[in-house]
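Notes follow once the structure below has been shown.
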Amino acid sequence: MAKLLEGKVIAAALKEEIIKKIQASGKKLQLASVQVGENPSSEVYIKSQKKNAEALGIEYAFHKLEATLTQEKLIEYIETLNSDPKVNGMILQMPLPAHIDYKKISEHIAPGKDVEGMHPVNIGKIIFGRAKALPCTAAAVMELIKFTGIDLNGKEVVIVGHSEIVGKPLALLMLDKFATVTVCHIGTSKAGKLEEHVRKAEVLVVAVGKAGLIKGEWVKDGAIVVDVGINRVGDKLVGDVEFEEAEKRASWITPVPGGVGPLTVVMLMRNLVECAS
């Protein structure tokens, strides 16, 4: 039976480290949070950000802008925050109105204030092992795996999902640890090879957003399973992996919810501290 990889435990320890770093720096840190229009789906995340920031002694400056704001005006607003010395980091809340292109907007956030670690400059630095700010969910996954004590050197790592915020940066972070990395995606599934790759995984990370995509019986005995997916099925939240069966085979497994989620906001705050250093 697998041990549970619970994010709350790791998050608490990381918060203590962050507080010590902030106190040692003697700096007053501010995180600028920019929301365009009314986005009910982001309210929970914003509240979590604010709560965590305040608990760490970080000022959370919330900037709510009109949904009718043009892309050009939003870029101007971001440039103003870039040049504000009081702002140490910035996050652009999702989703954005349909007329705004997130990829174009995100490139205008100064790399040194990009606490989500998604600016092309920061993504590029991952390749050279020099990134200060890492994509938050990918960084959370790495912290969970680190907690197990496993040495990734030479291990078979299988990542299911190749998104810009999880799969792709995570593959680079794993390669930096000399893991042997396989990234699976819709092409793998269409070719009928998903099960084949999953069965080889000593470390399995799944980030797709499809309930029960990975059958528990596919999980290799003793594998570490990190399930990033969160899906609502009826009145329950479940992951992308069939938990009950996978739990019987894995050595460690994340619960859903309660695994990756509690760590993502903490990674955001750690990135802020790194950006300000």
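Given the structure is predicted, the values throughout are model-derived calculations rather than measurements. The basis for the numbers below is simple: all heavy atoms, side chains too, and nothing from hydrogens, waters or symmetry mates.
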Inset, instruction - Evaluate side-chain contact (heavy atoms from CB on, under 4.5 Å) for Val205 paired with Val160, printing each intermediate quantity in order. - result: CA-CA 6 Å; Val205 182; Val160 183; over 6 Å; no

Inset, instruction - Give the C-alpha distance, both sets of side-chain angles, the deciding distance and a yes or no for side-chain contact (heavy atoms from CB on, under 4.5 Å) between Asn122 and Glu116. - result: CA-CA 9 Å; Asn122 290 326; Glu116 292 188 281; over 6 Å; no

Legend entry - Full working for side-chain contact (heavy atoms from CB on, under 4.5 Å) between Asn82 and Asp84: CA-CA 6 Å; Asn82 284 339; Asp84 186 342; over 6 Å; no

Legend entry - Step-by-step side-chain contact (heavy atoms from CB on, under 4.5 Å) determination, Val256 to Val228: CA-CA 8 Å; Val256 178; Val228 182; over 6 Å; no

Inset, instruction - Could you give me the CA-CA distance, side-chain angles and deciding distance for Lys50 and Glu54, then say whether salt bridge (charged side-chain N to carboxylate O under 4.0 Å, His left out) is met? - result: CA-CA 6 Å; Lys50 188 174 188 294; Glu54 290 175 349; 2.6 Å; yes

Inset, instruction - List the steps, then state whether salt bridge (charged side-chain N to carboxylate O under 4.0 Å, His left out) holds for Arg270 with Glu143. - result: CA-CA 12 Å; Arg270 187 171 73 176; Glu143 286 295 330; 2.8 Å; yes

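At a threshold of 4.5 Å between non-hydrogen side-chain atoms, the residues Ile253 and Asp227 do not count as touching. Looking at heavy atoms from C-beta onward, Thr148 lies out of side-chain contact with Ser251 at the 4.5 angstrom threshold. Using a 4.5 Å cut-off on side-chain heavy atoms (C-beta onward), Leu263 and Leu14 make contact. Looking at heavy atoms from C-beta onward, Ile165 lies in side-chain contact with Met118 at the 4.5 angstrom threshold. Taking the side chain as every heavy atom from C-beta outward, Leu74 and Val34 approach each other to under 4.5 Å. Residues Cys184 and His197 meet the side-chain proximity criterion, which asks for heavy atoms closer than 4.5 Å. Taking the side chain as every heavy atom from C-beta outward, Ile150 and Lys177 never approach each other to under 4.5 Å. The shortest distance between side-chain heavy atoms of Leu268 and Leu31 falls below 4.5 Å.
Around atom CZ of Phe178, no more than 12 heavy atoms belonging to other residues, nucleotides or ligands sit under 6.0 Å away. At most 12 heavy atoms of other shown residues, nucleotides or ligands fall within 6.0 angstrom of atom CD in Glu38. Dense packing is recorded around CD of Glu79, with more than 12 heavy atoms of other residues, nucleotides or ligands lying under 6.0 Å away. Within a 6.0 Å sphere centred on NZ of Lys155, heavy atoms belonging to other residues, nucleotides or ligands number more than 12.
For the pair Lys113 (side chain) and Val87 (backbone), a donor-acceptor distance under 3.5 Å is present. Put simply, the side chain of Glu242 never gets that close to the backbone of Lys215: no donor and acceptor are under 3.5 Å apart. With hydrogens and angles ignored, the 3.5 Å screen pairs no side-chain donor or acceptor of Thr254 with any backbone N or O of Gly259. Put simply, the side chain of Ser189 never gets that close to the backbone of Ile186: no donor and acceptor are under 3.5 Å apart. Of the possible polar contacts, one joining the Lys132 side chain to the Ser277 backbone as a donor-acceptor pair under 3.5 Å is found. Asp176 places no side-chain N or O within 3.5 Å of a backbone atom of Gly129 that could act as its donor or acceptor partner. When atom types are taken as modelled, the side chain of Gln71 and the backbone of Asp101 share a donor-acceptor pair closer than 3.5 angstrom. Remark: the backbone N or O of Leu213 is not paired with any side-chain donor or acceptor of Asp240 at under 3.5 angstrom. Without hydrogens or angle criteria, Thr80 side chain to Glu76 main chain gives a donor-acceptor distance under 3.5 Å. Looking only at distances, a side-chain donor or acceptor of Asn88 sits under 3.5 Å from a matching main-chain atom of Gln30.
Linking Ile, Leu, Val, Met, Phe, Trp and Tyr whenever their side-chain heavy atoms come within less than 4.5 Å puts Val115 and Tyr102 in one cluster. Residues Tyr45 and Ile105 share a hydrophobic cluster, clusters being chains of Ile/Leu/Val/Met/Phe/Trp/Tyr side chains in contact below 4.5 Å. Hydrophobic clustering places Met94 together with Ile100 (ILVMFWY residues linked when any side-chain heavy atoms are closer than 4.5 Å, directly or through intermediates). At a threshold of 4.5 Å between side-chain heavy atoms, the hydrophobic network of Ile, Leu, Val, Met, Phe, Trp and Tyr places Ile10 and Val203 in one connected group. Note on Leu237 and Val206: separate hydrophobic clusters, where clusters join Ile, Leu, Val, Met, Phe, Trp and Tyr whose side-chain heavy atoms are under 4.5 Å apart, directly or indirectly.
For Lys15 and Asn52, the side-chain atoms include at least one donor-acceptor pair closer than 3.5 Å. In this structure, a donor-acceptor pair under 3.5 Å is present between the side chains of Gln49 and Tyr60. With hydrogens and angles left out, the side-chain atoms of Thr182 and Glu156 include no donor and acceptor closer than 3.5 Å.
Counting all heavy atoms, side chain and backbone alike, Val241 lies closest to Ala246 at CG1-CB, 3.7 Å. Taking all atoms of both residues into account, the shortest heavy-atom contact from Lys64 to Gly37 is CE-O, 3.9 Å. The two atoms that bring Asn231 and Gly239 nearest to each other are ND2-O, 3.1 Å, heavy atoms only. Of all heavy-atom pairs between Asn271 and Cys136, the closest is ND2-SG, 3.8 Å. Across all their heavy atoms, Leu5 and Leu144 have their closest contact at CD2-O, 3.4 Å. Across all their heavy atoms, Ala11 and Val266 have their closest contact at CB-CG2, 3.9 Å.
Taking CD1 of Ile75 as the reference point, atom OG1 of Thr70 lies at 8.5 Å (rounded to 0.5 Å). Taken to the nearest 0.5 Å, the CG atom of Leu96 stands 9.5 Å off from the CD atom of Gln35. Here CD of Glu274 is found 9.0 Å from CD1 of Ile18. Values are rounded to the nearest 0.5 Å.
The residues Lys20 and Glu16 are annotated as not salt-bridged, no charged nitrogen and carboxylate oxygen being separated by less than 4.0 angstrom. With salt bridges taken as basic N to acidic carboxylate O contacts below 4.0 Å, one links Arg199 and Glu195.
Taking the six-membered ring where the residue is Trp, His162 and His185 present tilted rings, their angle falling between 30° and 60°.
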